[in-house]
Amino acid sequence: MFEWYMIRATGLAAYFLLYLSVLIGLYSQVQKKRKQKVTASLFLHESLSNWALYLVMGHVGFLLIDSYISLQWFEVLIPFNTDYKPFPMALGAFSLYFLIMTIVTSKARKKIGYQKWRKLHALNPILYILVTIHGLLIGTDIQAAVLAAVNILPLIIIGSMLLKDKPKLDVTH
């Protein structure tokens, strides 16, 4: 039972940290548009992402030592290579690789160039969607309606803040 609880705990905690990282990353864009300092919020955004990765690695580790499901490393890390819930497991594997790519490219931002990094980083909503669907399909702790409300409300608020700060077009001639 210990492994099962740890699988759930590390998965939920990683998701929560990723959730906070997304919100703080979006909010830092609002701060940036308002010409405010973003150093602290970006540091927190990056730190939360790093800790989410550490917890995901723990999540994978506990999956590998769980005797009830008895998964092999290739079933966990190679998408669609398991008989145990292949689609949700594949989404989890893709999410892990996407998270690693995000963190590696963020750390190499200066080497790969800011513009290329921005384009890659703009793909991160895909990561968040994959993780969310993975949790909904395979998890036992998250109700779809609660998850939708928790995700949609902050995004609406931050989206409206971003739209509010957009410069208005002057249509006078």
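Remember, it's a predicted structure, so these values are computed and weren't measured experimentally.
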Heavy-atom pair of closest approach, residues L127 and S95: CD1-O, 3.3 Å
Does L42 sit in a hydrophobic cluster with other residues, and if so which ones, taking ILVMFWY side chains as linked at heavy-atom separations under 4.5 Å, directly or through other members? V38
On the 0 to 90° scale, with breaks at 30° and 60°, tag the Y128-Y15 ring pair as parallel, tilted or perpendicular. parallel
Check: F80 and F87 side chains under 4.5 Å, non-hydrogen atoms: yes
As an exercise, state the distance from NZ of K107 to CZ of R109, rounded to the nearest 0.5 Å. 8.5 Å
Point-to-point distance, once rounded to the nearest 0.5 Å, from CG of D66 to OG of S70: 7.0 Å
So H121 and S106, do their side chains get closer than 4.5 Å, heavy atoms only? yes
L17 vs L55, test: side-chain contact (heavy atoms from CB on, under 4.5 Å). Steps then yes/no. CA-CA 9 Å; L17 293 180; L55 285 168; 3.4 Å; yes
Which of L71, L63, V76 passes side chain to side chain contact (heavy atoms under 4.5 Å, CB included) with Y84? Answer is L71
In terms of heavy-atom contacts, does OH of Y97 have more than 12 from other residues, nucleotides or ligands at under 6.0 Å? yes
Spacing of NZ belonging to K119 relative to OG1 belonging to T105, to within rounding of 0.5 Å: 14.0 Å
Does the pair I69 and W4 meet the rule for a side-chain contact (heavy atoms from CB on, under 4.5 Å), with working shown? CA-CA 9 Å; I69 301 174; W4 185 68; 5.7 Å; no
Specify the closest pair of heavy atoms between L53 and L99, including all atoms of both residues, with the distance to one decimal. CA-CD2, 3.7 Å
For a 4.5 angstrom cut-off between non-hydrogen side-chain atoms, does Y19 reach L48? no
Quick one: CD on E3 to CZ on R8, what's the gap to the nearest 0.5 Å? 13.5 Å
For residues E75 and N81, report the shortest heavy-atom separation together with the two atoms involved. CG-O, 3.3 Å
Side-chain heavy atoms nearer than 4.5 Å, only ILVMFWY residues, links allowed to pass through others: does that put F43 and L23 together? no
Could you verify whether a donor N or O on one side chain and an acceptor N or O on the other, from S41 and Q31, lie under 3.5 Å apart? yes
Note, L137 side chain near K85 side chain (heavy atom, < 4.5 Å): no
Would you please test M89 and L77 for side-chain contact (heavy atoms from CB on, under 4.5 Å) and show each step? CA-CA 9 Å; M89 288 288 288; L77 298 175; over 6 Å; no
Considering all heavy atoms, the nearest L123-F98 contact: O-CZ, 3.5 Å
Could you give me the CA-CA distance, side-chain angles and deciding distance for M57 and T10, then say whether side-chain contact (heavy atoms from CB on, under 4.5 Å) is met? CA-CA 9 Å; M57 299 304 270; T10 53; over 6 Å; no
Those residues at least two apart in sequence (or on a different chain) that pass ring-ring contact (aromatic ring centres under 6.0 Å, His included) with F74 are none
Where do K116 and I112 come nearest, in terms of heavy atoms and distance? CB-O, 3.6 Å
Please name the pair of heavy atoms, one in S49 and one in S21, separated by the smallest distance, quoted to 0.1 Å. OG-OG, 2.7 Å
Between S47 (side chain) and L44 (backbone), is there a donor-acceptor pair under 3.5 Å? no
Counting only N and O atoms by type, is there a donor-acceptor contact under 3.5 Å from the side chain of H134 to the main-chain atoms of L91? no
Value for OG1 (T102) from CH2 (W117), rounded to nearest 0.5 Å, stands at 10.0 Å
